[in-house]
Structure formats: C-alpha cells, structure tokens
Number of protein chains: 2
Amino acid sequence: MLDERKEQRRLAIEAAAYDLLAERGYAGMSMLALAKAAGASNETLYNWYGDKAGLLAAMIARNAEEVLAVIAAQAQPPRMLEAELESVGRALLTMLLGERSVALNRAAASDASGELGRALAAGGRARGMPALEAILARHGSAAPWGEAETFLALLLGDWPQRRLIGAMAMPDAGAVQARLSRAVAQFLTLRRAGAVNKR
Amino acid sequence: MLDERKEQRRLAIEAAAYDLLAERGYAGMSMLALAKAAGASNETLYNWYGDKAGLLAAMIARNAEEVLAVIAAQAQPPRMLEAELESVGRALLTMLLGERSVALNRAAASDASGELGRALAAGGRARGMPALEAILARHGSAAPWGEAETFLALLLGDWPQRRLIGAMAMPDAGAVQARLSRAVAQFLTLRRAGAVNKR
DNA sequence: CAATAACCGTACACCACGTTACGGATAATC
DNA sequence: GATTATCCGTAACGTGGTGTACGGTTATTG
C-alpha cells in the first residue's frame with residue numbers, strides 16, 4: 001500500500017479506535033471490534049502496531065504532536081503576555097479536556113503495566129511544559145518552570161481528573177472562557193506580587 | 001456472623017482488594033482472585049456486595065468518609081487561616097494522592113459505565129468542597145466556593161491526574177511540604193488582592 | 001442439643017479477549 | 001503479464017473473567 005494511502009488508513013483506524021474507547025473503555029475496545037469498525041483485519045492491526053498497547057502508544061504520540069502544534073500556533077510574539085496566555089490557555093483547555101485526550105488518559109489509567117502512562121507523560125507534560133516555559137521566559141520570567149506550574153494549576157484545576165473519571169462532560173465555551181479569564185487574571189496578580197518564583 | 005466480626009471481614013476483603021487493584025488494575029482484579037486473597041468465597045462476595053462494581057462502590061463510600069473525617073479533624077478553630085489551610089491542605093494532599101484514592105480513581109477511569117465515576121464525585125468533591133467552603137466562610141470569605149476552587153487548584157495542580165495515569169509516584173514529605181507552603185502563600189496573596197472572588 | 005443460617009472451596013455455564021494462522025483477493029513491483 | 005507482498009475475513013487457540021450453584025462445614029439462634 002502506498003505511503004499516503006497507508007497513512008489515510010492509519011488515521012481511519014485510529015479514529016475508529018477513539019470512538020470505541022469512548023463507547024466501551026480500554027478493556028472493552030477489542031482489536032477484533034476495531035478491525036471490523038475500521039474495515040481492516042486483525043492481521044493488519046498486529047502487523048502495523050505490534051499489539052494493543054502499541055496501537056494506543058501510537059495514538060498517544062500522534063495526539064501529543066497535535067497538541068504541541070496547536071500550542072505552537074498560538075504562541076505568537078510580539079504580544080502582551082495576557083493576550084498570549086489567553087490564546088495558549090484556550091488551546092490547552094480545549095485540547096487537554098477534549099474527547100481524544102480524555103480517552104487516551106482513561107486508557108492509561110486502565111493499563112496496569114504503566115506503559116501507556118509513561119507514553120503520555122513523555123509526550124505530554126515533558127514537552128508541553130518547556131513550550132510554556134519558553135513563552136514565560138520570553139516575557140521576562142526568572143523562574144519560568146514555577147510560573148508554568150502555577151499557570152497550569154490555575155487554568156486546569158481538577159477538570160482533567162474529573163474528566164478522567166467520567167464525572168464531568170466537556171465544559172462549554174462559556175465555562176471555558178470564564179475559567180480562562182480567571183486563571184489569567186489570577187496568574188498575573190501572583191506574578192506582579194512576585195509570588196510564583198518559588199520552586 | 002456477628003456484626004463486629006463481619007465488619008472486620010469486610011475491612012480485610014477491601015484491604016485485599018486495594019492490593020490487587022494496585023498490582024493488576026481494575027480489569028485484572030478478578031472476584032475469584034480477591035476471594036482467594038481475602039480467604040473468602042465468591043458466594044460471600046456476591047452476597048455482600050452484589051457485583052464487582054458494587055464492591056468498588058462500597059470501597060469508594062468508605063474512603064470518602066475517611067477523607068472527610070480527616071479533613072474535619074484538621075479544621076480546628078479558632079486558628080489563623082494560614083495554619084488551618086496548612087493542616088487541611090496537608091491532609092488533602094496525603095489522602096487524595098495516596099495509594100487508595102489513586103486505586104479507586106483508576107478503577108473509575110477504567111469503568112466504561114460511569115457508575116464508579118459518579119460514586120467518586122458524589123462522595124468526594126460533592127462533600128469535600130462544602131467542608132472547605134465552610135472553613136473559608138468562617139474566615140470571612142464572601143465567595144467561599146471560588147476561594148475553595150482556587151486553593152484546591154493551587155494545592156493539587158496536575159498531581160492527581162499524573163498519579164491517575166501512573167506517571168508519578170506518591171510525592172515524598174519534602175515535596176508535599178514545598179507544594180503546600182507555596183499553595184498557601186499564593187492563595188493568601190490572591191485573597192489579599194481580592195482576586196478570588198470571581199465566579 | 002437441635003435446627004437453621006451463613007460461609008467456604010470448588011465446579012460450572014457462558015462469554016469474551018489477545019494474538020496467531022490460513023486461504024483467497026488485491027495491490028505493488030519488476 | 002508474472003511474481004511477490006500485503007491485506008481481508010474468518011477460524012482457531014489459549015486464557016481468563018463474571019456470576020451462579022452445590023455439598024460440606026462452621027457459626028448462630030432458640
């Protein structure tokens with residue numbers, strides 16, 4: 001199969017996998033059911049991805065790339081820090097709380113081996129934090145790591161965890177905007193007070 | 001079986017369940033394996049708990065009671081808000097990030113039906129927030145809900161989520177202390193600046 | 001002490017999944 | 001066009017889980 005057509009097939013397979021994860025959870029998403037839903041075969045899935053965890057790991061890697069690309073697209077100097085944080089913050093809220101990220105995180109929580117959790121950490125936080133730190137450093141931060149930590153805490157709060165355990169639906173645009181505005185305002189207040197340089 | 005001895009048996013069963021959850025995950029914790037580990041029988045487990053999800057729901061309810069009891073024990077007026085937040089914050093960090101809470105949250109994330117997630121939300125946030133709001137109201141807060149939200153966000157950050165996906169071990173006492181001190185200091189800074197009354 | 005209730009250890013019926021294998025069909029390469 | 005590689009749909013295998021049932025044992029109650 002030509003590379004481009006194979007890539008399209010992969011995207012279709014992974015899209016079907018997200019649907020099944022959302023509907024049945026990690027344990028309930030069988031490779032046979034996925035093959036049927038994607039119009040592929042067992043042999044192809046195992047040939048391309050190795051095993052079930054390998055499929056999820058591939059999805060996690062692709063999702064991490066997409067999240068980083070969206071963050072990078074929103075980090076557009078020169079702009080006021082407030083405007084930049086609003087853009088980046090909205091993108092983070094939308095993607096980290098979205099159905100795909102939640103499905104992947106739930107799969108990681110279901111995986112007793114820890115393999116998926118490590119993959120998520122490697123692709124997510126380990127690469128997202130430096131991107132956010134770079135923005136803050138560009139705006140004069142002497143302790144970008146601490147500032148990034150604080151901003152993310154104020155921005156996300158317990159929403160990711162509540163999404164993960166299925167106790168909360170994706171917040172609507174109004175709730176997102178309210179959360180974003182408050183987080184940015186609170187962060188800037190702490191920053192002006194010199195309260196986020198601690199490590 | 002006498003009520004007291006039965007209660008001891010339940011505690012032993014649930015302790016064994018926590019061990020198996022930590023080792024094998026929700027899907028891998030079979031009722032048969034649990035019966036063996038606890039020295040009980042399948043029939044007894046199904047008789048007392050109804051089904052597998054019923055067992056977890058019972059564990060979630062008990063854990064929520066224990067968390068609330070610990071929080072209540074730390075809320076001791078009259079004291080300075082800072083000292084009270086330090087006590088309550090340390091208790092929250094210790095219990096919400098502990099092995100048992102994490103095991104229950106992972107089980108909820110693995111449960112496609114959403115039943116366990118709802119149970120966690122009902123016992124955790126739905127009762128823990130009012131307790132924290134009461135403390136803040138007692139210290140003169142005009143918007144205790146917003147203050148409680150902000151304090152929890154600063155206190156916990158993304159630690160619960162990272163614990164949930166298995167990407168992080170339980171933080172040691174030093175890390176907990178550092179996080180706690182920073183969160184209380186930042187929260188009081190925001191409070192003085194009037195930056196946490198927004199809703 | 002006898003009768004009753006509850007628990008235990010095991011078996012059972014049913015169901016499902018992860019992964020491999022196979023014959024036939026299709027696509028790609030030479 | 002022939003050859004080779006890959007994919008598909010299905011079958012098969014090994015393993016294991018959920019929840020119920022049963023005979024024997026133990027605990028509780030009258």
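Just so it is clear, the structure is predicted and the values come from calculations on it, not from any experiment. Chain A is the first sequence line, chain B the second, and so forth, proteins listed ahead of strands; every chain is numbered from 1.
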With a 3.5 Å cut-off and no angle check, do the side chains of Gln74(A) and Arg90(A) form a donor-acceptor pair?
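Judged by distance alone, the side chains do not pair up.
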Does a side chain donor of either Tyr49(A) or Glu14(A) reach within less than 3.5 Å of an acceptor in the other side chain?
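Yes, a side-chain donor-acceptor pair sits under 3.5 Å.
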Any ion pair linking Arg127(B) and Glu133(B) (charged N to carboxylate O, less than 4.0 Å)?
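So Glu133(B) does not pair with Arg127(B) through a salt bridge.
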Tell me whether Arg191(A) is salt-bridged to Glu82(A), with the criterion being a basic N under 4.0 Å from an acidic carboxylate O.
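Salt bridge flag = no for Glu82(A) with Arg191(A).
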Which of these nucleotides, dT19(C), dC7(C), dC7(D), is closest to any side-chain atom of Asp51(A)?
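Closest of the options to the side chain of Asp51(A): dT19(C).
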Compare the minimum distances between each of dC7(C), dG17(D), dG19(D) and the side chain of Ser30(B), then state the nucleotide with the smallest one.
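It is dG17(D).
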Rounded to the nearest angstrom, tell me the gap between atom [atom1] in [X] and atom [atom2] in [N].
X: Glu43(A); N: dG24(C); atom1: CD; atom2: C1'; result: 12 Å
X: Leu32(B); N: dT20(D); atom1: CG; atom2: C1'; result: 13 Å
X: Arg24(A); N: dC17(C); atom1: CZ; atom2: P; result: 8 Å
X: Tyr49(A); N: dC7(D); atom1: OH; atom2: P; result: 11 Å
X: Lys52(A); N: dT19(C); atom1: NZ; atom2: P; result: 8 Å
X: Arg5(A); N: dC7(D); atom1: CZ; atom2: C1'; result: 11 Å
X: Leu34(A); N: dC17(C); atom1: CG; atom2: P; result: 12 Å
X: Tyr26(A); N: dC17(C); atom1: OH; atom2: P; result: 14 Å

How is Ala40(B) classified with respect to the nucleic acid when contacts are heavy atoms under 4.0 Å: base, sugar-phosphate, or nothing?
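Sugar-phosphate contact only - Ala40(B) comes under 4.0 Å of backbone atoms but never of a base.
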What is the nucleic acid contact for Lys36(B), judged by heavy atoms within less than 4.0 Å: base, sugar-phosphate only, or nothing?
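Result for Lys36(B) = nothing.
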Answer yes or no on whether Lys52(B) is positioned over the face of Tyr26(B), meaning its NZ or CZ is under 6.0 Å from the six-membered ring centre and within 45° of the axis.
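Here Lys52(B) passes the 6.0 Å and 45° test against Tyr26(B).
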Side-chain donor/acceptor contact of Asn42(B) with base of dT18(D) under 3.5 Å:
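Side chain to base: no pair present.
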Please confirm whether the shortest side-chain N or O distance from Trp48(B) to OP1 or OP2 of dA6(C) is below 4.0 Å.
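Answer is no, no contact under 4.0 Å.
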For dC8(C), does OP1 or OP2 lie under 4.0 Å from any side-chain N or O of Thr44(B)?
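Looking at the OP1 and OP2 atoms of dC8(C), one of them is under 4.0 Å from a side-chain N or O of Thr44(B).
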